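Keep in mind that what you see is a predicted model, and the values were worked out from it rather than measured.
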Amino acid sequence: MAGKSPGPFPNCDWRFNEFPNPAAHALHVTCVELMALAVPGKDVGNALLNVVLKSQPLVPRENVTAWMNAIGLVITALPEPYWIVLHDRIVSVISSPALTSEMEWVGYPFQLLDFTACHQSYSEMYCSYVLALSHAVWHHSSIGQLSLIPKFLSEVLKPLVKTEFQLLYIYHLVGPFLQRFQQERTRCMLEIGVAFYEMLQAVDHHSKHLAYMDPICDFLYHMKYMFTGDSVKDQVEKIICTLRPAMKLRLRFITHISVMEPGAATATATSASQPTTVSSPAPQSGPGSSNIPLSVAQ
């Protein structure tokens, strides 16, 4: 981590070595030692995550991102039982009172999800730590490991999402990896896109008021025009039609649904309900009127 070559890994000619550099050799040896421990892989994985999540006083604040990067390298090089525990941490954060309560967060919620800014101001929260650590782990994960995210979203997280804060957290969690899914696993990207709309539908039905509809819609428009296109139009259109009018109005260009403004729709309905009477002009009769046809002068 400090950029120094330790004693057991001296500089040598790595061209014909089993490992390309001292860092790769150290990573391999570390993984072997962790797998040789006489404890379940789940306990080892939780202990690695706790190095940052619970041992902050022992980790220098100025180097916390380097420690997260090192944990991501080590835990993704281990078998699945070691790194799958990260999903449990994400579930615990999604179910925490910080995201499930209806009370307003202090200030703008997107600032609380910005780990770098919060860490520098000593205002970070547990949820922001888990968010940053998840990004570090998934950044070093192979595409095979990332392929479990769509199933994790649809089967585990989607039933838990009820509030707007939970939805924003999941968008922050998975959003940075959409481009990689598009390049390496298009099917997974489409499944994630549909899961995002299904979560939005659940939040719309369980929340009386949505305070961040514009940022949510901006993210969904970005996902459509940059990644999914019209590939999920059929599934998304059915979901958008069930949303509240204000949200449906904002998302009308995603599926090209013809939605009118609430005021205009009310005026149209009122004018349509009024009966329309067409009156023909009454025949006018004068003292000199007659039904005799006039002759045309030759």
Side-chain angles (χ1 to χ4, degrees), residues 93-114 127 150 152-176 178 181-182 189-276:
V93 170
I94 292 296
S95 305
S96 64
L99 299 180
T100 57
S101 61
E102 294 293 339
M103 62 180 181
E104 294 287 340
W105 281 12
V106 179
Y108 203 48
F110 299 101
Q111 295 178 353
L112 299 178
L113 297 178
D114 186 355
C127 59
F152 175 60
L153 286 178
S154 59
E155 297 184 3
V156 181
L157 294 183
K158 186 175 73 174
L160 302 176
V161 177
K162 306 296 181 184
T163 66
E164 198 173 15
F165 298 142
Q166 292 175 317
L167 183 67
L168 292 174
Y169 189 86
I170 292 178
Y171 285 177
H172 276 75
L173 184 69
V174 185
L178 290 177
F181 278 118
Q182 183 194 30
M189 182 199 61
L190 300 180
E191 293 177 358
I192 291 174
V194 175
F196 281 169
Y197 282 94
E198 292 174 347
M199 293 179 185
L200 174 61
Q201 184 183 32
V203 172
D204 183 77
H205 291 169
H206 287 86
S207 301
K208 295 181 180 179
H209 175 69
L210 296 179
Y212 304 100
M213 286 192 290
D214 290 336
I216 291 174
C217 294
D218 289 343
F219 174 74
L220 295 178
Y221 274 110
H222 172 76
M223 183 177 65
K224 168 185 169 60
Y225 291 116
M226 295 299 296
F227 305 111
T228 61
D230 290 333
S231 301
V232 295
K233 180 180 178 181
D234 296 337
Q235 301 95 314
V236 168
E237 185 174 5
K238 299 176 183 178
I239 298 175
I240 294 179
C241 290
T242 63
L243 303 178
R244 63 186 64 190
M247 183 68 74
K248 191 187 306 183
L249 181 65
R250 287 171 170 81
L251 297 176
R252 64 189 183 277
F253 296 113
I254 288 185
T255 58
H256 304 288
I257 299 177
S258 180
V259 180
M260 300 180 63
E261 293 283 351
T266 304
T268 304
T270 304
S271 61
S273 61
Q274 296 178 354
T276 303

Could you tell me which non-hydrogen atom of [X] sits nearest to which non-hydrogen atom of [Y], and how far apart they are?
X      : Y      : value
Tyr225 : Phe253 : OH-O, 3.9 Å
Leu167 : Val203 : CB-CG2, 4.1 Å
Val161 : Ala202 : O-CB, 3.8 Å
Thr163 : Leu99  : OG1-O, 2.6 Å

Checking [X] side chain against [Y] main chain: does a donor-acceptor pair fall under 3.5 Å?
X      : Y      : value
Ser154 : Ala195 : no
Gln182 : Met189 : no
Tyr169 : Val93  : no
Arg250 : Met247 : no
Tyr197 : Gln235 : no
Tyr171 : Leu220 : no

- Would you mind reporting whether Val236 and Lys224 have side-chain heavy atoms less than 4.5 Å apart?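 SC-SC contact between Lys224 and Val236 ruled out.
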- Query: Any side-chain heavy atom of Leu178 sitting closer than 4.5 Å to one from Met226?
  - Reply: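 Counting from C-beta outward, Leu178 and Met226 never come under 4.5 Å.
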- Task: Mind telling me whether Phe227 and His222 have parallel, tilted or perpendicular rings, with 30° and 60° as the class edges?
- Result: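 Perpendicular, since the angle between the ring planes exceeds 60°.
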- Task: Could you label the plane-to-plane angle of the Phe110 and Tyr212 rings as parallel, tilted or perpendicular, counting under 30° as parallel and over 60° as perpendicular?
- Result: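 Plane angle over 60°, so perpendicular.
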- Would Glu164 and Ile216 count as a side-chain contact (heavy atoms from CB on, under 4.5 Å) if you check the C-alpha gap in whole Å, the side-chain angles of each, and the deciding distance to 0.1 Å? CA-CA 9 Å; Glu164 198 173 15; Ile216 291 174; 3.9 Å; yes
Look up atom [atom1] in [X] and atom [atom2] in [Y], then write down how far apart they are to the nearest 0.5 Å.
X      : Y      : atom1 : atom2 : answer
Asp218 : Met223 : CG    : CE    : 12.5 Å
Ile239 : Glu198 : CD1   : CD    : 5.0 Å
Ser207 : Leu200 : OG    : CG    : 10.0 Å
His206 : Gln166 : NE2   : CD    : 10.5 Å
Thr228 : Lys233 : OG1   : NZ    : 12.0 Å
Leu157 : Met199 : CG    : CE    : 5.5 Å

